[in-house]
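Values in this document were obtained by computation on a predicted structure and should not be read as measured data.
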Amino acid sequence: MYRKGAYVVDVREDKIAQVIGGTGGRVQLQSPDGSLQWEVPFAALRLATSAEREAAGLRPYLGTCPDCVELAARRRTAPPELRGRATADAHLHWIKAHSTPEPAPEANR
């Protein structure tokens, strides 16, 4: 199963999407802009490559997120022994700041 927030490709249509949930062998997806949602079998997915994510405009440090810019620079300039930690910090920020948030539970009536 892919984690929530991961970007994957629905290989049936060669379409990039973000994982928003899943149960059993099925995964719920949404388009990167959030306008469409659909469900697919797990076997119809693969992780999106960096090039695919970039082509879809999914790299905010190329845009306006100052934390992403700083973390990307830190990752590029880190000495080899610290590069793993710098990469993990950048990915953790990406997940926390730019992944789909959990939906709020509906209020009981």
Side-chain angles (χ1 to χ4, degrees):
M1 183 62 74
Y2 297 102
R3 67 166 173 75
K4 287 182 183 178
Y7 285 97
V8 295
V9 174
D10 180 345
V11 298
R12 302 170 309 169
E13 299 181 29
D14 197 34
K15 195 158 135 181
I16 194 165
Q18 187 175 35
V19 175
I20 58 173
T23 26
R26 312 243 350 131
V27 181
Q28 288 86 37
L29 304 174
Q30 74 176 5
S31 58
D33 66 2
S35 63
L36 298 172
Q37 293 186 357
W38 67 102
E39 186 175 279
V40 299
F42 178 79
L45 299 175
R46 66 172 175 76
L47 279 175
T49 65
S50 295
E52 289 167 326
R53 290 190 311 270
E54 186 172 340
L58 301 173
R59 296 184 69 184
Y61 57 84
L62 295 177
T64 59
C65 176
D67 292 334
C68 285
V69 172
E70 178 188 338
L71 289 164
R74 192 180 310 161
R75 204 168 102 195
R76 280 192 308 274
T77 60
E81 66 274 10
L82 298 177
R83 199 163 293 138
R85 179 74 251 168
T87 298
D89 289 345
H91 286 181
L92 184 60
H93 166 74
W94 172 268
I95 292 166
K96 288 181 175 179
H98 303 292
S99 292
T100 303
E102 291 289 322
E106 292 186 27
N108 293 332
R109 296 180 188 202

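Scanning for side chain to side chain donor-acceptor pair (under 3.5 Å) contacts around T23 gives an empty result, with sequence neighbours left out. Not counting sequence neighbours, the partners of R85 by the salt bridge (Lys or Arg N to Asp or Glu O under 4.0 Å) test are D89. Applying the side chain to side chain donor-acceptor pair (under 3.5 Å) criterion to E39, with sequence neighbours excluded, gives R26, Q28. Residues passing the side chain to side chain donor-acceptor pair (under 3.5 Å) test with D33, sequence neighbours excluded: S31, S35. Residues passing the side chain to side chain contact (heavy atoms under 4.5 Å, CB included) test with P79 are E81, L82, sequence neighbours excluded.
A donor-acceptor contact shorter than 3.5 Å is absent between the side chain of R12 and the backbone of A44. Between the side chain of Q18 and the backbone N or O of G5, at least one donor-acceptor pair lies under 3.5 Å. Listed for the R75 side chain is no donor-acceptor partner under 3.5 Å among the backbone atoms of T87.
A 4.5 Å side-chain heavy-atom check between L36 and K15 finds at least one atom pair inside the cut-off. Residues R3 and V19 form no side-chain contact, since every pair of their non-hydrogen atoms from C-beta on lies 4.5 Å or further apart. Side-chain contact between V8 and V27 is absent, with no heavy atoms from C-beta onward closer than 4.5 Å.
Separating the CD1 atom in I20 from the CD atom in Q30 is a distance of 5.0 Å, to the nearest 0.5 Å. In this structure, CH2 in W38 is found 7.5 Å from CD in E13, a value given to the nearest 0.5 Å.
Annotation for A17 and P32: closest pair CA-CD, 4.4 Å, computed over non-hydrogen atoms.
Put simply, L92 and Y7 are part of two different groups of oily side chains (I, L, V, M, F, W, Y) that touch within less than 4.5 Å, one to the next. Side-chain heavy atoms closer than 4.5 Å link hydrophobic residues (I, L, V, M, F, W, Y) into clusters, and following such links, even through other members, never connects V9 to L47.
For the salt bridge (Lys or Arg N to Asp or Glu O under 4.0 Å) condition, the pairs that include at least one residue of residues 40-49, sequence neighbours left out, are R46-E52.
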